[in-house]
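Every chain is numbered from 1 and lettered A, B, ... according to where its sequence line falls, protein lines coming before strand lines. All values below were derived from every heavy atom in this structure, side-chain atoms included, with hydrogens, water molecules and symmetry-related copies excluded.
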Amino acid sequence: MTDTAPNLDFIREIIADDLTTGKHSAILTRFPPEPNGYLHIGHAKSICLNFGISRENAGVTGTRCHLRFDDTNPEKEESEYVESIKTDVQWLGFDWGEHLYFASDYFTFFHDCAVHLIAAGLAYVDDDSAEEIRAKRGNLTTPGTHSPRRERTVEENLDLFARMRAGEFKEGECVLRAKIDMASSNMNLRDPVLYRIMHAHHHNTGDAWCIYPMYDFAHPLEDALEHITHSLCTLEFENHRPLYDWFIDHCPVPSKPRQIEFARLNLTYTVMSKRKLLQLVQQGHVSGWNDPRLPTLSGLRRRGYPAPAIRDFCKRIGLTKFNSTTDVALLEFEVRDFLNPSSPRRMAVLNPLKVVLDNWSAEPLGHVPLANHPQNPAAGDRQVAISDELWIERDDFMVDPPKKFYRLGPGRHVRLRGGHIIRHVSHETDAAGHVTLIHAEIVPGTVGADAPAGIECRAAIHWVDAATGMDAQVRLYDRLFTVADPDGAPDGFVSVLNPASLTTVTAKVEPALAQAPAGFACQFERVGYFIADDCDHQPGCQPVFNRTVALKDSWGKQAGR
RNA sequence: AGCCUCAUAGUGUAAUGGUAACACCCCGGAUUUUGAUUCCGUUAUUCUAGGUUCGAGCCCUAGUGAGGCUACCA
């Protein structure tokens, strides 16, 4: 896409202001994933935002973007996820440099801040159970009631908290809570839990801790400690901002970050919830987090989606506080837009029908040159073998062609792409009436030349030489991803994935396509192009753009599907 | 029910009190040895009602609708 973005979104506007007014001399942002799953296209929006802001202000000394793992819940987090997240952020094209952090590296600091709050009379140890705490929190319209432990002395709380940390209590026996306002209309301010006891092994800190901080407490402290200036998060944290600010105001932190919320990405036909994606993986409905049907970055990568196209997409969708659902067609457009100018073309036949050229001896050629890219002569030509027996697409021949069908039919002419114009002579059918073979004749002198006067030929079709063409596994995709929301599938995920959205067929392809690197597979998208499986992992394996397009409804059913 | 946030073509976003625009999608046309690409074109937009103002998509009030909040998740 063009880089002309004349208007700043509301966040970039705030940042520009903070820079011009001198509020900040440098901009520090961060991408803070919890390592509890793989990154998906929704995370790409946040990554492109945070790292993008850093990149856009690269001229401002000190501006940078941190990658920080928000790993405060050992029950959900794994090192495998840490590694995949690093891989995906890099693949997307961003670099955190030296600034890789773990919230778990700050556990001592969080602890000290908690002690500070206790000492200031702003936090207390509560023995209430989770159920009691919930019950006493009140509800949306009625205020909560105070825990009997709310007025414990500072000394008592200090002692209790030390014993919590020392492991003297079992999980759930007590928690540390902030003393704020049990009558607040904002539920987050009704004495939120700061620390809970978890005798769990942490992927980073091992068994060093048995108390773990809650997100609301840890996150502002993490931001402040790293001198983050703008803490960008999604809309569901809006109601948490007063609490975020409360911790910043009452803890001994070295800076004052500002939380700003934006709407998360929703895509049509796409399951984006990490919880649901995890379920799809764990229940074996997909082959893994990088299943090409998934909207994970690793799935998209495997599917052949180029990282720049995803970045362009993130730029294109804008940034607001409005809960919207972006049409997945916009993503597909960016992919095509990126692939089209550079991807070399190849021919392939998915559903083969044999054509015998009866008068081949009239102009027998060994091979014909085909341009690798129709608009880019610099991409060069390749020699494609041709002979008197070819495969063409079954959909490219119709016994009784409707109006506006310009391909092969009884007595009709059609162009073999890069080769001759041929004319249908006859065809054979089996007992069921299915066409099994076509006899045709070449029109001599039409390779690289226009159709002679009197011959109507409006289309050029893909073909593969039967003698030298090769079989290749081709992935057939319908559209993107999953096709329904799991919530709409009471019986689990069975109906979530359209089985037809990922099928493998053996296609006839020209040797130049079959000779792609090992591990290569072709994908046939609804919009009509091949892209290479894992092409970003394999040097020399380039996306191969475009077979025939999906044929229009105007004359019949869409080809491919 | 209370509090917070949001509302601009079908979709996603611009317009910073001064002529409502761009992209995608859809549809139509031209070119085309990929029914692709490219090019041109059509349709369609400020949630409602008041108010402020010479002038309101923008400011104010009320209503309507949507999302969020009652984890020892993030």
Side-chain angles (χ1 to χ4, degrees), chain A residues 1-2 4-9 13 32-34 36 70-73 75-77 126 128-130 133-135 137-142 144 171-172 174-177 184-188 190 192-198 212 214-216 218-219 233-242 261 263 268 274-275 316-334 336-337 340-341 345 347 370-371 373-375 404-407 415-419 421 446-451 457-462 527-529 545-552 554-555 559:
Chain A
M1 71 181 277
T2 57
T4 53
N7 307 302
L8 298 178
D9 57 64
E13 205 169 303
E34 182 188 18
N36 66 346
D70 211 355
D71 52 354
T72 56
N73 184 353
E75 282 185 350
K76 291 186 175 179
E77 296 146 10
D126 196 352
D128 273 351
S129 67
I133 289 177
R134 191 182 314 124
R137 186 152 26 227
N139 60 34
L140 268 13
T141 50
T142 62
E171 289 189 13
C174 54
V175 293
L176 182 72
R177 302 178 70 178
S184 173
S185 58
N186 183 339
M187 301 295 287
N188 295 307
R190 319 248 264 225
V193 172
L194 269 38
Y195 265 99
R196 79 280 212 187
I197 296 168
M198 294 176 93
Y212 290 92
M214 304 295 293
Y215 166 88
D216 280 321
H219 207 86
C233 63
T234 44
L235 244 29
E236 66 267 29
F237 294 109
E238 254 171 347
N239 296 340
H240 296 242
R241 187 166 7 108
E261 309 85 12
T268 52
K274 231 194 235 180
R275 198 196 92 242
R316 182 86 69 175
I317 55 177
L319 194 71
T320 66
K321 292 173 92 78
F322 176 62
N323 283 298
S324 60
T325 300
T326 298
D327 193 332
V328 74
L330 191 52
L331 211 210
E332 293 173 340
F333 164 78
E334 294 291 355
R336 276 180 277 129
D337 201 40
N340 177 50
R345 270 59 166 173
M347 291 193 297
L370 268 102
H373 193 289
Q375 278 85 36
K404 292 195 172 181
F405 181 87
Y406 302 131
R407 301 183 180 198
R415 161 84 63 182
L416 296 174
R417 183 147 196 259
I421 289 176
T446 50
V447 176
D450 289 340
C457 178
R458 297 183 63 172
I461 65 172
H462 278 232
V527 289
Y529 55 87
F545 191 81
N546 209 319
R547 187 196 147 260
T548 59
V549 294
L551 299 177
K552 292 210 166 183
S554 54
W555 54 267

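The OG atom of A:Ser184 sits 7.0 Å away from the CZ atom of A:Arg190 when rounded to the nearest 0.5 Å. Here the straight-line distance linking atom CD of A:Glu236 with atom CG of A:Asn323 works out to 9.0 Å at 0.5 Å rounding. Rounding to the nearest 0.5 Å gives a distance of 6.0 Å between CD of A:Glu77 and OG1 of A:Thr72. Atom-to-atom distance recorded for A:Ser185:OG and A:Leu140:CG is 10.0 Å, nearest 0.5 angstrom. Atom CD1 of A:Ile317 and atom CG of A:Asp327 lie 12.5 Å apart (nearest 0.5 Å).
Looking at heavy-atom distances under 4.0 Å, A:Thr234 makes no contact with the nucleic acid at all. Among the atoms of the strands shown, none is found under 4.0 Å from any heavy atom of A:Gly144. Contact annotation for A:Ala449: base contact, defined as any heavy-atom pair under 4.0 Å involving a base atom. Residue contacts shown for A:Pro242 are absent, as no nucleic acid heavy atom lies under 4.0 Å away. A:Thr142 comes within 4.0 angstrom of nothing in the nucleic acid, heavy atoms only.
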Each nucleotide N or O in nucleotides 23-25 of chain B that has a protein N or O under 3.5 Å away: list the pair and distance.
{"unit_1": "B:A23", "atom_1": "O2'", "unit_2": "A:Arg316", "atom_2": "NH1", "d": "3.2"}

Are any protein N/O atoms closer than 3.5 Å to N/O atoms in nucleotides 58-61 of chain B? If there are, list each pair with its distance.
none

With the criterion being N/O to N/O and under 3.5 Å, what pairs connect the protein with nucleotides 5-9 of chain B, and how long is each?
{"unit_1": "B:U5", "atom_1": "O2'", "unit_2": "A:Glu238", "atom_2": "OE2", "d": "2.9"}

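In this structure, A:Leu331 atom CG and B:U13 atom P are separated by 14 Å, rounded to whole Å. For the pair A:Tyr406 OH and B:U33 P, the computed distance is 15 Å after rounding to whole Å. Rounded to whole angstrom, the span from the CD atom of A:Glu261 across to the P atom of B:C4 amounts to 14 Å. Straight-line distance from the CG atom of A:Asn340 to the C1' atom of B:U32: 13 Å, rounded to whole Å. Taking atom CD of residue A:Glu13 and atom C1' of nucleotide B:U13, one finds them 14 Å apart after rounding to whole Å.
Side-chain atoms of A:Arg177 do not come within 3.5 Å of backbone N or O of A:Leu194 as any donor-acceptor pair. Between the side chain of A:His240 and the backbone N or O of A:Asp216, no donor-acceptor pair lies under 3.5 Å. Judged by distance alone, the side chain of A:Thr234 and the main-chain N or O of A:Ala263 form no donor-acceptor pair under 3.5 Å. In this structure, A:Asn139 contributes its side chain and A:Thr142 its backbone to a donor-acceptor pair below 3.5 Å. Checking side-chain atoms of A:His373 against main-chain N and O of A:Asn340 turns up a donor-acceptor pair under 3.5 Å.
Atom name C1', nucleotides B:C25 and B:U16: the rounded distance is 30 Å, in whole Å. Look at the P atom in both B:A71 and B:A66: the space between them is 24 Å, to the nearest Å. Comparing B:A15 with B:C58, their C1' atoms are spaced 9 Å from each other, to the whole Å. Separating the C1' atom of B:G67 from that of B:A9 is a span of 23 Å, rounded to the nearest Å. Across B:G68 and B:G51, the matching P atoms stand 35 Å from one another, rounded to whole Å. Rounded to a whole angstrom, the distance from the P atom of B:U8 to that of B:G35 is 39 Å. Here the separation of B:C47 from B:A7, taken at their P atoms, is 9 Å to the nearest Å. Of the C1' atoms belonging to B:G41 and B:C4, the separation is 46 Å, rounded to the nearest Å.
The nearest pair of heavy atoms linking A:Ile197 to A:Cys174 is CD1-O, 3.6 Å. Between A:Met198 and A:Asn73, the shortest heavy-atom contact is CE-OD1, 3.3 Å. Across all non-hydrogen atoms, the minimal contact from A:Met214 to A:Val193 is CG-O, 3.2 Å.
Taking A:Arg415 as the reference, nothing meets the side chain to side chain donor-acceptor pair (under 3.5 Å) condition, with sequence neighbours excluded. Here A:Tyr215 pairs with A:His219, A:Phe237 under the ring pair (Phe, Tyr, Trp, His ring centres under 6.0 Å) rule; sequence neighbours left out. Taking the side chain to side chain donor-acceptor pair (under 3.5 Å) definition, one finds that A:Asn239 meets it with nothing, sequence neighbours left out. The side chain to side chain donor-acceptor pair (under 3.5 Å) check on A:Ser129 picks up A:Glu131, A:Glu132, with sequence neighbours excluded. With sequence neighbours excluded, the residues satisfying side chain to side chain donor-acceptor pair (under 3.5 Å) with A:Asn36 are A:Glu34, A:Lys274. A:Asp70 meets the salt bridge (charged side-chain N to carboxylate O under 4.0 Å, His left out) test with no other residue; sequence neighbours excluded.
The shortest distance between side-chain heavy atoms of A:Lys321 and A:Leu235 falls below 4.5 Å. A:Ile461 has its side chain out of reach of A:Arg417: every pair of non-hydrogen atoms, C-beta onward, lies at least 4.5 Å apart.
Contact annotation: A:Ser324 side-chain N/O to B:U13 OP1/OP2 distance is under 4.0 Å. In terms of phosphate contacts, A:Thr320 brings a side-chain nitrogen or oxygen within less than 4.0 Å of OP1 or OP2 of B:U13.
Between A:Leu319 and A:Gly418, the residue anchored closer to the 5' end of RNA chain B is A:Leu319, taking for each the nucleotide with the nearest heavy atom.
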TODO: Scan nucleotides 39-44 of chain B nucleotide by nucleotide, 5' to 3', and note B when protein non-hydrogen atoms come under 4.0 Å of the base, S if they reach only the sugar-phosphate, - if neither.
DONE: ------
TODO: For nucleotides 69-74 of chain B, just jot down a letter per nucleotide in 5' to 3' order: B, S or -, based on protein non-hydrogen atoms under 4.0 Å.
DONE: BBSBBB
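For B:A71, the base adopts the syn conformation, since its glycosidic angle falls within 90 degrees of zero.
Secondary-structure stems of RNA chain B, taken as three or more successive Watson-Crick or G-U wobble pairs (i with j, i+1 with j-1) under a 3.5 Å distance threshold, comprise B:2-7 with B:64-69, B:10-13 with B:21-24, B:27-30 with B:38-41, B:47-51 with B:59-63.
Closest to the side chain of A:Gln375, out of B:A14, B:G12, B:U37, is B:U37.
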